[in-house]
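To keep things clear, I will list the structure first and then write my remarks on it.
The chains referred to below are lettered A, B, ... by the order of the sequence lines, with proteins before strands, and numbering in each begins at 1. Quantities reported herein were computed from a predicted structural model and do not represent experimental measurements.
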There are 2 protein chains.
Amino acid sequence: MAKIKDVAAAAGVSPSTVSRVLCNGPVSDKVRKRVEAAMARLDYRPNLAARRLRSQHTDTIGLIVSDIRNPFFTAVSRAVEDEAYRNGMRVILCNTDENPDKEAMYLRLMQEERVTGVIFAPTRQMVASIDPQALGFPVVMIDRVSADAATDAVVLDNRRAAAQLVGHLLQQGYRDIGGLFGNTSNTGMERHAGFSEALQQAGLAAPARFVAPSVEAAEQAVLQWLAEPARPQALLVSNGVLLLGAVRALKSAGLHWPQDVALVGFDNEVWTDLLGDGLTVVEQPVNEIGRTAMAMLLERLDEPERSQRIVVLQGKLVVRGSSLTL
Amino acid sequence: MAKIKDVAAAAGVSPSTVSRVLCNGPVSDKVRKRVEAAMARLDYRPNLAARRLRSQHTDTIGLIVSDIRNPFFTAVSRAVEDEAYRNGMRVILCNTDENPDKEAMYLRLMQEERVTGVIFAPTRQMVASIDPQALGFPVVMIDRVSADAATDAVVLDNRRAAAQLVGHLLQQGYRDIGGLFGNTSNTGMERHAGFSEALQQAGLAAPARFVAPSVEAAEQAVLQWLAEPARPQALLVSNGVLLLGAVRALKSAGLHWPQDVALVGFDNEVWTDLLGDGLTVVEQPVNEIGRTAMAMLLERLDEPERSQRIVVLQGKLVVRGSSLTL
DNA sequence: GCTGCAATTGAAATCGATACCACTTTTTGT
DNA sequence: ACAAAAAGTGGTATCGATTTCAATTGCAGC
């Protein structure tokens with residue numbers, strides 16, 4: 001494979017000049033044309049490893065999520081990647097499966113890659129221990145931040161979104177409302193907080209359960225809950241994965257919404273409006289989350305010393321049949 | 001950030017020795033311990049760019065798909081990434097949006113990255129023009145290969161799968177069967193071939209339509225088709241994305257399956273068993289596809305001269321309510 | 001105690017680009 | 001027309017690791 005020296009020889013110039021052509025440095029048009037012709041003739045491809053080593057910038061960002069198969073992360077990833085490539089950056093994607101060991105391992109990998117920055121959806125254990133200073137690159141957290149995080153972040157207004165769902169259920173006449181939340185992420189905790197507050201303000205109890213963030217765990221929990229005598233009239237479910245589990249549970253128990261139990265949740269996944277009269281959900285602005293995270297990372301790189309910033313985005317309540325009046 | 005020289009100085013050895021510790025070369029236990037202590041003390045992280053440049057292997061593979069938001073590719077990607085990381089390799093993910101220009105651009109990027117190999121789901125236009133020799137790295141194609149491809153490949157037995165669906169519909173008593181296929185991928189073409197053959201063998205017509213691979217295009221096409229007087233009794237839809245469009249179309253037209261029209265398709269997405277009595281589909285072995293593709297890439301790297309190999313996997317017919325007897 | 005071989009270690013070259021500096025040529029201003 | 005500034009070009013050092021080769025050490029066998 002041709003290298004810069006070969007191109008230089010073929011074009012009758014120095015390697016420096018070829019490099020300048022590559023980087024849009026000052027080169028006369030005549031020479032630039034000759035060099036470009038030589039590159040084309042030799043089918044030259046600059047070696048990015050060499051370039052990164054010498055120039056000390058990798059133009060690469062890390063994107064660390066729990067599981068790309070979660071449609072929320074799929075959508076966010078896609079938005080991040082588009083925005084990254086648009087800015088001439090590469091993305092390294094990592095799945096942690098909510099496993100703090102994997103998180104640590106991938107953060108280490110990011111250091112070895114000398115990434116320019118990282119966009120990270122951390123588990124609850126990890127949130128507080130992320131220190132961009134020690135890591136050596138800026139971090140933008142998404143989806144699961146707490147107030148004590150030391151980085152920029154893009155989050156949904158989880159409390160408010162949960163409260164909105166509760167408010168909607170109250171307005172529809174429901175009083176016995178249960179909440180199901182993921183136990184590994186801060187997001188679950190915040191949604192739980194919003195859920196509790198809203199119900200307490202209404203003077204109602206706020207029975208909540210916490211499960212591992214998997215379809216199966218949610219399905220089992222819901223099955224069990226609905227089999228109990230004190231079954232809630234309505235169920236609020238904290239994210240799309242758990243919501244799928246809840247739907248499966250209702251289906252296998254032969255229960256229907258909203259007659260047997262009303263169901264509301266988070267994440268406007270493609271199937272939520274196909275089921276019966278549709279599921280009422282809070283839709284997250286997934287594209288905006290991804291785009292914003294990438295934009296914040298770029299801004300931070302531009303201006304490393306600016307103060308920490310947290311962008312809070314609002315969800316959109318999408319009312320469908322699963323939460324109608326009894 | 002500490003470099004190998006600093007570690008060497010701290011441990012009182014030469015950089016060569018540190019490098020040997022890093023690469024499990026021959027080092028005495030005593031020295032190895034000292035070096036490892038020094039690394040830990042300095043929080044040393046090897047610079048992968050430097051390592052790649054010098055060692056001439058990047059341990060990185062490219063994964064080029066049309067859109068990670070397509071659940072089929074999501075699942076395959078995840079499998080590829082797991083298998084890659086398990087073998088100490090990094091993955092660079094690219095979305096081409098079925099756009100040949102983007103495909104070319106990303107292949108070029110892969111050359112600049114000096115990737116070890118690429119796993120690629122190409123558009124129909126691209127399939128024949130991929131030449132691993134010219135590219136400089138081995139390629140394993142997935143999902144959309146034709147007989148004239150010059151690379152290793154992992155594919156579903158698309159003809160047979162389509163024929164299976166048709167056979168199932170025939171057995172259930174359907175005779176007017178229409179097919180909807182994506183017009184950008186070879187996969188669509190093969191499924192169409194299997195569909196046509198099966199119907200011709202039964203002495204029946206095989207009306208088929210081709211659309212852009214998007215939910216919207218499929219929805220519109222199905223709406224229009226079902227509004228025509230010569231509406232088919234059953235519809236076979238070529239992949240999960242189009243299937244979603246078809247479901248939306250039926251819903252908005254107020255039609256029900258299987259009474260108004262039977263519906264079968266590809267890709268066992270999470271929502272296919274939640275709708276009514278469920279959708280009959282062929283499930284692709286997504287994990288196996290990803291794992292196998294990665295494994296084939298590794299084998300090819302191990303043995304560059306071995307003859308081209310195509311692994312054909314079988315889909316699994318999952319019968320549900322959408323295709324029951326009239 | 002000496003020889004020979006294997007196991008360790010170090011010195012220096014190298015991977016392929018960019019950065020920096022110095023030098024030449026061209027352009028600009030007066 | 002001349003000085004000063006700007007533009008264009010080449011030479012060389014350098015990024016941070018691995019690799020190669022040579023040198024040293026340790027140890028077994030006699």
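If you measure from atom CZ of R52(B) to atom C1' of dG16(D), you get 13 Å, rounded to the nearest angstrom. Between the P atom of dA7(C) and the CG atom of D29(B) lies a distance of 14 Å, rounded to the nearest Å. Spacing between atom CD of E112(A) and atom P of dT18(D) amounts to 11 Å, rounded to whole angstrom units. The CG atom of L48(B) sits 9 Å away from the P atom of dA17(D) (whole-angstrom rounding). Atom-to-atom, NZ of K30(B) to C1' of dT9(C) comes out at 12 Å; the value is rounded to the nearest Å.
Between D152(B) and R309(B), the shortest heavy-atom contact is OD1-N, 2.8 Å.
The existence of a salt bridge linking R51(A) and E112(B) is excluded, since no basic side-chain nitrogen approaches an acidic carboxylate oxygen closer than 4.0 Å.
Under the 4.5 Å side-chain criterion, counting only non-hydrogen atoms from C-beta, D67(A) is not in contact with F73(A). The shortest distance between side-chain heavy atoms of V155(A) and L313(A) does not fall below 4.5 Å.
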Could you pull out every donor-acceptor pair under 3.5 Å between side chains of residues 14-21 of chain B and any protein atom, sequence neighbours left out?
{"unit_1": "S14(B)", "atom_1": "OG", "unit_2": "S16(B)", "atom_2": "N", "d": "3.4"}
{"unit_1": "S14(B)", "atom_1": "OG", "unit_2": "T17(B)", "atom_2": "N", "d": "3.4"}
{"unit_1": "S14(B)", "atom_1": "OG", "unit_2": "T17(B)", "atom_2": "OG1", "d": "3.4"}

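The side chain of S28(A) places an N or O atom within less than 4.0 Å of a non-bridging phosphate oxygen (OP1 or OP2) of dT9(D).
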Nucleotide by nucleotide, 5' to 3', does protein get under 4.0 Å of the base (B), only the sugar-phosphate (S), or neither (-) in nucleotides 16-24 of chain C, counting heavy atoms?
BBBBB----

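A search for side-chain hydrogen bond (donor to acceptor under 3.5 Å, both in side chains) contacts involving D59(B) returns nothing, not counting sequence neighbours.
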